[in-house]
Novice: 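Once you've had a glance at the structure underneath, I'll fire off some questions.
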Amino acid sequence: MPELPEVEIVKKSLKKNVKDKKILDVIVINRNLRFKVDKDFEKILKNRKIQNVNRYAKNIIVELNGNIYVIIHLGMTGTFHLIRNNILKNTNLSFYQSKDLPIKHNHIVLIFKKFRVIYNDPRRFGFFKLLKDKESFKLYLKNIGYEPLDKNFNLKYLKKSIQFRKKCIKSILLDQKIISGIGNIYANEILFRSGLNPRKKGLKLKNFELKYLYKYSKLVLKKAILKGGSSIRDFRNTEGAKGSFQDNFKVYDKDNHNCPNKKCNYKIKKIKISNRSTFYCENCQK
DNA sequence: CCGTTAACCTGAGAGC
DNA sequence: TGCTCTCAGGTTAACG
């Protein structure tokens with residue numbers, strides 16, 4: 001479920017706890033995630049030191065000594081739990097789940113000296129991808145479109161990736177190969193703020209509309225990160241802080257609510273675009 | 001090459 | 001209670 005802002009929060013919590021720590025052991029309980037966990041995953045990670053934890057779009061990048069990279073994607077329901085030795089109370093690293101370690105769907109356990117980190121994922125849409133050299137890591141990133149917070153994400157990039165496409169702008173925003181990091185919530189929110197109808201075709205967008213898209217995709221994601229992400233269910237990060245961007249939703253899950261634009265008396269509509277729920281105001285978004 | 005659809009999974013909640 | 005149906009913050013193989 002997490003999109004760029006939520007993955008950023010998870011990454012920060014993870015980084016704070018595991019950077020410069022050595023992985024003493026690895027247990028894979030279930031290899032059948034979106035991609036099968038590599039056969040030598042345990043062997044390669046064991047006794048390696050975590051040099052850094054980064055993020056690009058919705059991918060968490062764990063950098064280990066010896067040019068080993070682990071790309072972690074949380075899919076729809078992936079969460080991390082950090083459990084300190086000899087302390088019964090669990091510390092949750094994740095969004096969207098209870099503070100306690102779930103009983104079912106724990107798939108991967110990383111054991112450190114003073115704690116262990118457990119990956120839980122009921123639907124198993126997430127993955128752990130092992131990349132064994134810098135080249136394959138670079139290649140992996142190359143196949144992802146720029147995220148709105150990337151310095152290369154600019155008007156020129158938007159023009160060349162949007163203005164010739166027949167598909168609708170919402171599908172473009174959700175296509176990680178074109179623009180990465182945006183998911184269903186933020187696509188809806190960005191389009192409302194940009195005054196763009198989600199069904200509008202990419203090639204119909206005018207330059208001034210691309211400028212709005214540029215502005216609001218950055219702005220919405222940044223603000224969501226500042227607010228600690230969005231959440232519909234309970235969650236805590238390691239500081240016990242809650243995300244609150246859900247209070248700033250203007251259209252997502254607001255069908256039949258009044259349009260937030262005070263000068264408008266229309267109701268927010270709910271439609272489906274390529275099987276994803278889409279919320280918009282037909283008066284404010286042209 | 002392009003765009004759309006079905007499929008991958010489990011669990012929560014609504015309606016009966 | 002329990003059954004069936006729909007929906008969920010994601011991605012991608014397969015198809016036309």
Side-chain angles (χ1 to χ4, degrees), chain A residues 1-11 29-37 55-60 71-80 94-98 102-107 119-129 140 143-145 147 160-191 198-204 217 220-221 224-225 227-235 242-255 270-279:
Chain A
M1 301 182 183
E3 305 179 35
L4 187 152
E6 292 75 36
V7 178
E8 174 65 18
I9 304 302
V10 174
K11 181 219 79 183
I29 299 160
N30 186 354
R31 311 194 91 79
N32 297 310
L33 302 183
R34 162 166 285 280
F35 306 119
K36 207 149 192 131
V37 178
R55 178 196 60 73
Y56 196 83
K58 300 175 194 172
N59 302 277
I60 295 171
I71 310 282
I72 302 167
H73 197 294
L74 304 173
M76 292 279 258
T77 50
T79 54
F80 281 108
S94 65
F95 265 44
Y96 320 119
Q97 275 204 357
S98 72
I103 296 161
K104 293 166 80 175
H105 310 299
N106 295 316
H107 305 310
Y119 178 71
N120 182 280
D121 189 353
R123 293 177 76 180
R124 284 183 277 124
F125 288 169
F127 63 79
F128 280 57
K129 201 178 190 66
Y140 181 87
N143 288 319
I144 301 170
E147 63 167 46
K160 84 169 170 67
S161 40
I162 293 177
Q163 270 182 337
F164 73 97
R165 284 176 197 273
K166 270 190 183 166
K167 67 175 169 181
C168 71
I169 187 61
K170 178 156 188 251
S171 298
I172 292 174
L173 289 185
L174 290 178
D175 189 332
Q176 305 297 304
K177 287 193 169 63
I178 305 172
I179 295 167
S180 63
I182 296 171
N184 203 33
I185 287 180
Y186 296 106
N188 280 297
E189 294 297 315
I190 290 165
L191 288 172
R199 281 217 168 99
K200 191 161 190 165
K201 305 217 180 292
L203 46 77
K204 295 258 182 185
S217 51
V220 167
L221 295 180
I225 292 171
K227 297 269 176 178
S230 306
S231 163
I232 290 153
R233 300 182 200 164
D234 288 347
F235 70 86
K242 286 184 183 179
S244 65
F245 193 74
Q246 64 276 11
D247 302 335
N248 296 76
F249 289 172
K250 292 195 187 287
V251 288
Y252 182 78
D253 210 18
K254 301 275 190 194
D255 44 320
K270 179 179 180 177
I271 57 168
K272 289 269 182 190
I273 293 178
S274 42
N275 230 20
R276 308 296 302 275
S277 288
T278 304
F279 305 87

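Owing to the predicted nature of the structure, the values given are computational and were not obtained by experimental measurement. Basis for what follows: all heavy atoms, side chains included, without hydrogens, waters or symmetry-related copies. Here is how names work: the chains are called A, B, and so on, in the same order as the sequence lines, proteins then strands, and each is numbered from 1.
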Novice: In terms of side-chain heavy atoms of A/Lys167, which of C/dA8, B/dT4, C/dT11 is nearest?
Specialist: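 Minimum distance to the A/Lys167 side chain belongs to B/dT4.
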
Novice: Which one is paired to B/dC9, where only Watson-Crick or G-U wobble pairs with both distances under 3.5 angstrom count?
Specialist: none

Novice: From the list B/dG11, C/dA8, C/dG10, which nucleotide is the closest neighbour of the side chain of A/Tyr252?
Specialist: C/dA8

Novice: Consider the side chain of A/Lys166, meaning its heavy atoms from C-beta on, and name the nucleotide among C/dT11, C/dC7, B/dG3 that approaches it most closely.
Specialist: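 Selected nucleotide: B/dG3.
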
Novice: Verify whether one side chain among A/Asn120 and A/Lys104 offers a donor that lies under 3.5 Å from an acceptor in the other.
Specialist: no

Novice: Donor-acceptor check, side chain of A/Lys11 to backbone of A/Glu6, threshold 3.5 angstrom: yes or no?
Specialist: no

Novice: Expressed as a whole number of angstroms, how long is the span from A/Arg123:CZ to C/dT11:P?
Specialist: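 Nearest whole value for this atom pair: 12 Å.
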
Novice: Is there a stack between A/Phe125 and B/dC8, judged by ring centres under 5.5 Å and planes under 30°?
Specialist: yes

Novice: Does atom NZ (A/Lys167) have a neighbourhood of more than 12 heavy atoms from anything else shown, all under 6.0 Å?
Specialist: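 Result for NZ/A/Lys167: enclosed.
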
Novice: Tell me which nucleotide among B/dG3, C/dT12, C/dA8 gets nearest to the side chain of A/Lys177.
Specialist: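 That would be C/dT12.
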
Novice: Expressed in angstrom and rounded to an integer, what is the separation of A/Arg124 atom CZ from C/dT12 atom C1'?
Specialist: 17 Å

Novice: Name the closest nucleotide to the A/Phe164 side chain, picking from B/dT10, C/dG10, B/dC2.
Specialist: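 When the side chain of A/Phe164 is considered, B/dC2 is the closest of B/dT10, C/dG10, B/dC2.
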
Novice: Between A/His105 and A/Arg165, which has a closest nucleotide on DNA chain B that is more 5'?
Specialist: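 Checking each residue's closest nucleotide, the 5'-ward one belongs to A/Arg165.
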
Novice: Closer than 4.0 angstrom, basic N to acidic O: yes or no for A/Lys227 and A/Asp247?
Specialist: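 Looking at A/Asp247 together with A/Lys227, the answer is no, because their closest N to O distance does not fall below 4.0 Å.
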
Novice: Indicate, with a heavy-atom threshold strictly under 4.0 Å, whether A/Ser171 touches base, sugar-phosphate, or nothing.
Specialist: nothing

